[in-house]
Amino acid sequence: MFEARLVQSSILKKVLEAIKDLLNEATFDCSDSGIQLQAMDNSHVSLVSMNLRSDGFDKYRCDRNISMGMNLGSMTKILKCAANEDVVTMKAQDNADTVTFVFESPNQEKVSDYEMKLMNLDQEHLGIPETEYACVVRLPAGEFARICRDLSQFGESVVISCTKEGVKFSSAGDIGSANIKLAQTSNVDKEELAVTVEMQEPVTLTFASRYLNSFTKATSLSNVVQLSMSPDVPLVVEYRIGEIGHIRYYLAPKIED
Amino acid sequence: QNSQPQIIDFFQNI
């Protein structure tokens with residue numbers, strides 16, 4: 001028996017929003033420790049890795065490990081049926097071929113349940129090595145989304161240059177070029193408004209703006225985004241999911257032909 | 001011109 005109850009169904013809606021741009025379907029691996037998802041986008045360019053810890057749920061029970069392959073379009077349809085303030089419970093029997101979503105209004109006067117067929121998905125699991133990154137940048141998630149959106153008007157690529165002074169985002173294309181420099185915040189009153197750089201060595205890398213834009217669909221999950229970069233290894237774009245977990249996106253830098 | 005490597009080139013299947 002698997003059962004996971006979240007008082008804030010909006011978290012699940014936001015998680016889905018954060019992955020459905022890149023993935024059409026995904027397997028939710030449920031175990032005693034929580035729910036994990038790892039999947040590459042269709043073109044195998046980026047990787048999404050999400051973790052929701054069992055202790056972050058209001059109720060969590062998982063007697064046996066269960067992998068639930070879900071069509072994210074169908075899941076989106078079902079979660080649209082939940083009000084933001086509803087309590088959501090996901091349930092499945094062991095070896096089940098369906099999952100049930102139960103939505104309860106805060107006053108318990110309306111209870112709905114939706115059963116969704118599960119899919120058998122071919123799963124590739126990738127081992128992600130522990131990496132010491134040359135630069136780790138934290139900045140407001142909304143600012144990062146704005147920068148990615150603004151720069152994607154100029155070119156297909158965004159160059160991210162990180163030094164101890166701050167971080168620069170650049171793009172160039174047919175209409176011209178654009179540079180956005182963010183200085184490291186000198187006086188941090190509110191962490192969620194700060195730009196911070198932890199740097200071992202300066203890094204300049206080029207990334208596909210289309211994928212960066214897809215990653216920013218997670219913006220509503222967190223006030224802060226963390227970018228981890230090293231030469232010749234994938235960028236990690238990480239958003240925390242409240243007190244319950246995180247979502248990380250991996251994207252390899254472009255290389256010059 | 002830049003080319004885009006796949007993520008699977010960096011992380012191994014387990």
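Below, chains carry the letters A, B, ... as their sequence lines are ordered, and counting in each starts from 1. Scope of the values below: all heavy atoms of this structure, side chains included, with no hydrogens, waters or symmetry mates.
Rounding to the nearest 0.5 Å places OG of A/Ser43 at 8.5 Å from CD of B/Gln4. Taking CZ from B/Phe11 and CE from A/Met40, the interatomic distance works out to 10.5 Å, rounded to the nearest 0.5 Å. Here the CZ atom belonging to B/Phe10 is positioned 13.5 Å from the OH atom belonging to A/Tyr250, to the nearest 0.5 angstrom.
The neighbour count for B/Asp9 CG, taken as heavy atoms of other residues, nucleotides or ligands under 6.0 Å away, is above 12. No more than 12 heavy-atom neighbours from other residues, nucleotides or ligands sit within 6.0 angstrom of NZ on A/Lys217. Heavy-atom contacts from other residues, nucleotides or ligands closer than 6.0 Å to CG of A/Asn120 number 12 or fewer. Crowding of A/Gln36 atom CD: a count of heavy atoms from other residues, nucleotides or ligands under 6.0 Å exceeding 12. Taking a 6.0 Å sphere around CD of B/Gln12, one finds it holds 12 or fewer heavy atoms contributed by other residues, nucleotides or ligands.
Within residues 126-136 of chain A, the residues approaching chain B closer than 4.5 Å by heavy atoms are, in numerical order, A/Leu126, A/Gly127, A/Ile128, A/Pro129.
Within the 4.5 angstrom heavy-atom criterion, no atom of A/Asp41 approaches chain B. For A/Thr206, the part lying under 4.5 angstrom from a heavy atom of chain B is the side chain only.
The nearest pair of heavy atoms linking A/Val45 to B/Pro5 is CG1-O, 4.3 Å. Heavy-atom minimum distance, A/Ala252 versus B/Ile7: N-CD1, 3.9 Å.
Counting only residues at least two apart or in different chains, side-chain hydrogen bond (donor to acceptor under 3.5 Å, both in side chains) contacts with residues 145-154 of chain A comprise A/Arg146-A/Asp150, A/Ser152-A/Asn213.
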